[in-house]
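Have a look at the structure below before the remarks.
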Protein chains: 2
Amino acid sequence: MSEAEARTLEALRAEGRRVTTARRLVVQLLARTSEHLTADELATRVHGAHPEIHLSTVYRTLDSLHGWGLVEHVHQPHGASFFHLAGAHRHLVCEQCGRIHDVPAAEFDALVARIRDVYDFELQVGHVALVGRCRDH
Amino acid sequence: MSEAEARTLEALRAEGRRVTTARRLVVQLLARTSEHLTADELATRVHGAHPEIHLSTVYRTLDSLHGWGLVEHVHQPHGASFFHLAGAHRHLVCEQCGRIHDVPAAEFDALVARIRDVYDFELQVGHVALVGRCRDH
DNA sequence: GTTCTTGCAAAAGCTTTGCAGGAAG
DNA sequence: CTTCCTGCAAAGCTTTTGCAAGAAC
């Protein structure tokens, strides 16, 4: 069990919440992959071992985890959002090929600071995918 | 008729397309408001004078105008996209109050250049709303 | 007249919700 | 045993699509 996985489950207990099969599996998947999975993709993988776990449960699990700050989701302009454990990278999505590039959050610090200073607005760069095009498109 | 309105209709003719009631009204609304209207809101306003114009027509109109580069749409993390005539400002949406702040596109030039140089990725900042929080939230 | 658009109805895709039964602590 | 979670089914919301009738040029 990865450190992130253990830490997340521990945080759950600390919140006084229950560690259920659905939650354990979702956290496991998120902790062990570097892919960017949607709720539907997570459900499909969960179904491998536990077909009874419903897609709506996956959504509720993700929503709860997000509620206690353990999971983040990224809205894509077309198609479903994807989810990952709370962390420090941002996402660039190519409109052409759909590939997702990870970029350190620090790349956006200067912009965030400037928007804060000039517009009194606290940007949350992680909550939506930044879209554009890969070099080859 | 505003300059933007005339210019947009002219571009339509130049494309060899037809100037229909639906298109004229949608362009008119977009040109005359500084609000950020969704397809549904546009349809509602169109219905004031022309109740027969269907929501799907509004969608198709917006899609066509987007196709010839006359209209842009901005995806919001929750809820419907909003539309505006092609222009040079970007949008910050407050997650708390929903207010939309306009910011000159130039604010993002440095970031766009850096992402291009370092990651070979051409950011299109205008296509999704940047979310965050107003100072007072 | 020809071609482009539209109205309508239906569906698609993602996500949320009500409710009653079931599991965790 | 009490409270929290889950399965299921249904619905919600935004957006897209097929098709035949209608409008623009």
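Here is how names work: the chains are called A, B, and so on, in the same order as the sequence lines, proteins then strands, and each is numbered from 1.
- Side chain of E15(A) to backbone of L12(A): no donor-acceptor contact under 3.5 angstrom is found.
- Rounded to whole angstrom, the span from the CZ atom of R13(A) across to the C1' atom of dT3(D) amounts to 18 Å.
- Note on R60(B): a base of the nucleic acid sits closer than 4.0 angstrom, heavy atoms only.
- Summarising the geometry, the separation between NE2 on H54(B) and P on dC19(D) is reported as 17 Å, rounded to the nearest angstrom.
- Straight-line distance from the CH2 atom of W68(A) to the P atom of dC4(D): 10 Å, rounded to whole Å.
- Note: CD (E52(B)) to P (dT5(C)) measures 18 Å, nearest angstrom.
- Between H91(B) and D102(B), the closest side-chain pair of non-hydrogen atoms falls below 4.5 Å.
- Map D63(A) and R18(A) each onto its nearest nucleotide of DNA chain C; the residue landing nearer the 5' end is D63(A).
- Residue R17(A) places no side-chain N or O under 4.0 Å from the OP1 or OP2 atom of dC4(D).
- In this structure, NE2 of H78(B) is placed 8 Å from P of dT16(C), rounded to the nearest angstrom.
- A22(B) comes within 4.0 angstrom of the backbone, heavy atoms only, and of no base.
- Nearer to the 5' terminus of DNA chain D, by closest-nucleotide assignment, is the contact made by A39(B) (compared with the other of A39(B) and R24(B)).
- S64(B) comes within 4.0 angstrom of nothing in the nucleic acid, heavy atoms only.
- Counting to the nearest Å, the C1' atom of dT16(C) and the NE2 atom of H66(A) are 16 Å from each other.
- Side-chain N/O atoms of T21(A) include none lying less than 4.0 angstrom from OP1 or OP2 on dA23(C).
- Remark: P of dT15(D) and CZ of F83(B) are 6 Å apart, rounded to the nearest angstrom.
- A sub-4.0 Å separation between OP1 or OP2 of dG7(D) and a side-chain N or O of S56(A) is absent.
- Formation of a donor-acceptor pair under 3.5 Å by the T57(B) side chain with backbone atoms of I53(B) is not found in this model.
- Classification of R133(B) and E122(A) as a salt-bridged pair fails, no side-chain N sitting under 4.0 Å from a carboxylate O.
- In this structure, CG of L62(A) is placed 15 Å from P of dC14(C), rounded to the nearest angstrom.
- Between T20(B) and dC4(C) there is no side-chain polar atom (N or O) within less than 4.0 angstrom of OP1 or OP2.
- Here the CZ-CD distance, from F82(A) to E72(A), works out to 10.5 Å after rounding to the nearest 0.5 Å.
- Y59(B) has a side-chain polar atom (N or O) that falls below the 4.0 Å cut-off from OP1 or OP2 of dT15(D).
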